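Heavy atoms only: backbone and side chains are in, while hydrogens, waters and symmetry mates are out. Numbering starts at 1 and runs along the sequence shown. This structure is a prediction, so every number in the text was calculated from the model and none was measured.
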Amino acid sequence: MPRHSPSLDRATPDRIAETALTLVDEGGPEALTFRALAARLGISLASLQRRCTDLAGLLDLCLDHLAARLPDAEPGADWATATEARFTALYRLLVAHPGLPTLRGTRPWLGPNLLARLVEPQLADSLAAGMSPQEAIAAYRRMYLLTLGSASFVDHRDPKPARAATRTALAALDPDTFPVLTGHLAAIVPAVTDHEIYYGALRQLIHAADPAGPTA
């Protein structure tokens, strides 16, 4: 029988994804290299590259590993409730790993877990609620883009630097040229990292698209 290689146990897809996410969480997007990941896993670079041939493949692995954590909608939940639950769960996953959307860039996220746990059930629920295919896809895209953009804008795990940088930049403006921005720092700065901005915007999109709503 061929000898079992311990490196295979250390290079399972889940182990690779978890370790890669840890590297990004600890050191930011620039910390994720194949050499650093192989070292953290305790395997050779060649062994890692046999599992993930390039960075694109590694990112797909990480993203779909996260998507496996997306919850199923509660049985019997109405369209609006299920929709809010799905997208807020995605938002919280991305907020917990802010370096990942940066690395992802403009790459499409089409892994099987995301498609099975978010895209397919959301579109199916929308069609069942009475939307046309075009309406269902448009509503999904609006909420998906809102979620991705809101999670990527700042590192929500440590909001103080983002608020401090915003305050410093706005306070340096000429008040005569920018009276609104310089005169309302107390309102503007907290909004930069306020999760309720996202949740409120998501609910507005859901209300506007809800087939059971008064404007549907």
When rounded to the nearest 0.5 Å, the distance separating CG of Asp78 from CD of Glu84 is 10.0 Å
Next item on the list: Flag the pair Leu37 / Leu58 as yes when at least one side-chain heavy-atom distance between them is below 4.5 Å, and no otherwise.
Entry: yes
Closest heavy-atom pair, Leu23 versus Ala31, reported as atoms and distance to 0.1 Å, is O-CB, 3.6 Å
Any donor-acceptor pair under 3.5 Å from Ser152 side chain to Gly149 backbone: no
- Message: With a 4.5 Å cut-off on side-chain heavy-atom distances among I, L, V, M, F, W and Y, is there a chain of contacts connecting Leu145 to Phe87?
- Response: yes
Exceeds 12 heavy-atom contacts within 6.0 angstrom, atom CD of Glu196: yes
Report task. Using modelled atom types only, decide if a donor and an acceptor are shared between the side chain of Asp210 and the backbone of Ala80 within a distance under 3.5 Å. Result -> no
His195 versus Tyr198: any side-chain heavy-atom pair under 4.5 Å?
no
Do Ile206 and Leu148 sit in the same hydrophobic cluster, where Ile, Leu, Val, Met, Phe, Trp and Tyr count as joined when their side-chain heavy atoms come under 4.5 Å apart? yes
Scanning both residues in full, the closest heavy-atom pair of Leu205 with Leu146 reads CD1-CD2, 3.8 Å
To the nearest 0.5 Å, atom CG of Leu66 lies from atom CG of Asn113 at 10.0 Å
In short, Phe34 meets Thr53 closest at the heavy-atom pair CZ-C, 4.4 Å
(request) Using atom types as modelled and distance alone, determine if a side-chain donor or acceptor of Arg163 lies under 3.5 Å from a backbone N or O of Val189. (result) no
| Shared hydrophobic cluster for Leu63 and Leu55 (ILVMFWY, side-chain gaps under 4.5 Å) | yes
* Stepwise side-chain contact (heavy atoms from CB on, under 4.5 Å) check, Leu59 with Leu32 -> CA-CA 10 Å; Leu59 292 178; Leu32 183 60; 4.3 Å; yes
- Do Thr22 and Asp25 have a side chain donor and acceptor closer than 3.5 Å? no
>> Taking Leu93 as the starting point, is it possible to reach Leu110 by hopping between hydrophobic residues whose side chains are less than 4.5 Å apart?
In response: yes
task = Applying side-chain contact (heavy atoms from CB on, under 4.5 Å), run through Leu123 and Val119 and close with a yes or a no.
result = CA-CA 6 Å; Leu123 293 179; Val119 185; 3.9 Å; yes
query = Could you go step by step and tell me if Arg40 and Glu26 meet the side-chain contact (heavy atoms from CB on, under 4.5 Å) rule?
reply = CA-CA 12 Å; Arg40 182 68 67 94; Glu26 292 175 351; 3.1 Å; yes
Query raised in the report: With no hydrogens and no angle check, is any side-chain donor or acceptor of Thr147 less than 3.5 Å from a backbone partner on Met143?
Result: yes
Scanning both residues in full, the closest heavy-atom pair of Ala67 with Trp109 reads CB-CZ2, 3.9 Å
- Do the rings of Tyr144 and Tyr140 sit parallel, tilted or perpendicular, given the 30° and 60° boundaries? parallel
> Hey, does the side chain of Asp14 reach the backbone of His65 with a donor-acceptor pair shorter than 3.5 angstrom?
Replying inline: no
The residue among Asp125, Thr81, Asp72 that forms side-chain hydrogen bond (donor to acceptor under 3.5 Å, both in side chains) with Arg86 is Asp125
Closest heavy-atom pair, Cys62 versus Leu100, reported as atoms and distance to 0.1 Å, is CB-CD1, 4.2 Å
- Query: Under a 4.5 Å cut-off applied to non-hydrogen side-chain atoms, are Gln122 and Arg117 in contact?
  - Reply: no
Expected output: side-chain Thr182 to main-chain Phe178 donor-acceptor under 3.5 Å: yes
| field | Residues, nucleotides or ligands: over 12 heavy atoms within 6.0 Å of Glu120 CD | value | no
### Glu135 and Ser126: side chain donor to acceptor below 3.5 Å
no
Closest non-hydrogen contact found for Asp54 with Gly57 is OD1-N, 2.8 Å
Exercise. Should Ile197 and Leu181 be regarded as members of a common hydrophobic cluster, given that ILVMFWY residues are connected when their side-chain heavy atoms come within less than 4.5 Å of each other, either directly or indirectly?
Worked result: no
